[in-house]
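Accompanying notes for the structure given below.
Keep in mind that this is a model prediction, so the values were computed, not measured. Just so we're on the same page: letters track the sequence lines, and every chain starts at 1.
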Amino acid sequence: MNSKVKLDDLNVHFGGTHAVKGVNIDFPANSVTAIIGPSGCGKSTVLRAVNRMHDMTPGAQVTGRILLDDTDIYGRGVDPVAIRRKIGMVFQKPNPFPAMSIYDNVIAGYKLNGRMRRDEADEIVESSLQRVALWDEVKDRLKSNAMELSGGQQQRLCIARTIAVRPEVILMDEPASALDPISTMKIEELIEELKERYTIIIVTHNMQQAARVSDVTAFFYLGELIECGVTKKIFTTPDRKQTEDYITGRFG
Amino acid sequence: MNTMTSANQPVVEQRTALRSLFLRNAKNTIMTLLMGGALLAVLFPLGLIFVHIMKMGLSSISLDFFLHIPRPTGEAGGGMANGMVGSMVLIGMASLLGIPVGIFGAIYLSEYGGSRISTVIRFCADVLSGIPSIITGMVVYSMLVVPMKGFSALAGAFALALIMIPIVLRTTEEQLKMVPISLREASLALGVPLWRTTLKVTLRSALTGVTTGILLAIARVAGETAPLIFTALGNQFWSSKLTQPIAALPLQIFSFAIAPYDDWHRLAWAGALVLVVTMFALSLTARYFGRTGHKN
């Protein structure tokens, strides 16, 4: 498998804290990579580094390289806005725009960046909502406020909003941790379908979820990458003792 | 012996428990009364001012008050139409400068600024809002009135703007900070630049709170008299140019109230009534906006 995103000696500091320590990973294209590890191990920090979300955090310093195809996204003259159009992100807590309708939320990526043609918008809204299997549930109330949806629907709406701008990579930061089991199941099915078109990196606390949805799993501990490999192998015959202890529930 | 103590024990305990309950209830009642008293002490002056102004103002107010300018000394009647319009002009111009500067400053503080420079700006804004307004008037006098060789509406508006800026700045900043970071991130992650995110997501979400802050700032400067004495000066007539002295309601109230004529005193009371009612309405509107804003 050829890699879509590649971390090359990635380090993240927050003030005096060394949160991510010299991480190297290849994220293969059109596959799902799960990042697992106990709280505070730096997995969300790694994820957020991939679409330059740390640019917003005062005191955060990212060193090393992150290659998207062959471009270093932290390279000189690279516009973070252009990078984020290619690398979308779904957050832990569903965060639709509260002042917008369901319809407007889906095309928010276009609308906030200017205007768009009406027929084009209709088409994008329908196809994006179809793809996250939300269309049938909301097609009769596209103009109602997005906050009226349930948590699981809101999260699928956020995924629809992310794929509406046609990214190449989708980052998911514990996308189902705030959802009930049925919504979680729907999100997982969706991830399975989305990987045909997108490269997906998902951070999860839930090891069963990592085992179910991912092709590759990376285990982090205290800011370091302990082990990274094919999911089946990580969950059955990991090379490292720490990985085995974690996935068998002996710590973390 | 033994049986007696064991029988008495609960009775004694019950008695002390009742006593402490009584004490607690008494304390509760006293504190409630004290706080009620404090509430009355706060409300009493407000009520007194309002009732008195109503009493004095209502009898003097008439349609003429809103339509005419003051008559020459000795003639009865007249109104403060020029003062009301002048106040509106001054507040309008002050808002044109004060609101954008305040809002953009707040955006800088909350979305862009580094922590050290933000602390300095915030401190300066707090000091600025604490400066007595007469001093603001004196500074603008020496900065604008003296070089322009005359009192003017422009100078008055500038002085009022200086008072508005810190109020708008701090309230807007507070409101922007209340917008959850997750919304900004949602927008940024869609490839929306920070400046668009700030205007279309962050500021938009905070709009009701920001409006409240603006209305409160307007209500505050609407009644300012001191900064206008050295700047707008006041005018007995209509003014046609912004480079001329202009009438303002608080200034007119001031000069009419210290004049030795009963007729002028009545006009001053009527002016006071208009001013107080306007500020009351502004504050109520601000409250209304504030309330609907927090529901979302």
Spacing of B:S187 atom OG and A:N113 atom CG [to the nearest 0.5 Å]: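 CG of A:N113 is found 7.5 Å from OG of B:S187.
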Contact leader toward chain B among A:K93, A:M56, A:M147, where contacts are heavy-atom pairs under 4.5 Å: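 Max contact count across the listed options: A:M56.
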ring-ring contact (aromatic ring centres under 6.0 Å, His included) involving B:F50 - partner list, sequence neighbours excluded: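 Applying ring-ring contact (aromatic ring centres under 6.0 Å, His included) to B:F50 gives B:F280.
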Evaluation steps, side-chain contact (heavy atoms from CB on, under 4.5 Å), between B:L188 and A:R84: CA-CA 7 Å; B:L188 291 172; A:R84 293 188 195 120; 4.0 Å; yes
Nearest heavy-atom neighbours spanning B:L190 and A:A108: CD1-CB, 4.1 Å
Heavy-atom closest pair, residues A:P98 and B:L183: CD-CD2, 3.5 Å
Is it the backbone or the side chain of [X] that comes under 4.5 Å from a heavy atom of chain B, or both, or neither?
{"X": "A:L171", "value": "neither"}
{"X": "A:K111", "value": "backbone"}
{"X": "A:P96", "value": "backbone"}
{"X": "A:F91", "value": "side chain"}
{"X": "A:M53", "value": "side chain"}

Do other residues, nucleotides or ligands put more than 12 heavy atoms under 6.0 Å from the [atom1] atom of [X]?
{"X": "A:R197", "atom1": "CZ", "value": "no"}
{"X": "B:I134", "atom1": "CD1", "value": "yes"}
{"X": "B:Y112", "atom1": "OH", "value": "yes"}
{"X": "B:K241", "atom1": "NZ", "value": "no"}
{"X": "A:E123", "atom1": "CD", "value": "no"}

A:R85 side-chain N/O to B:G191 backbone N/O, donor-acceptor pair under 3.5 Å: yes
Residues of residues 192-207 of chain B within contact distance of chain A, non-hydrogen under 4.5 Å: B:V192, B:P193, B:L194, B:R196, B:K200, B:V201, B:R204
Close side-chain approach of A:R48 and B:E185, heavy atoms under 4.5 Å: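 When only atoms from C-beta onward are counted, B:E185 and A:R48 do touch, with a gap below 4.5 Å.
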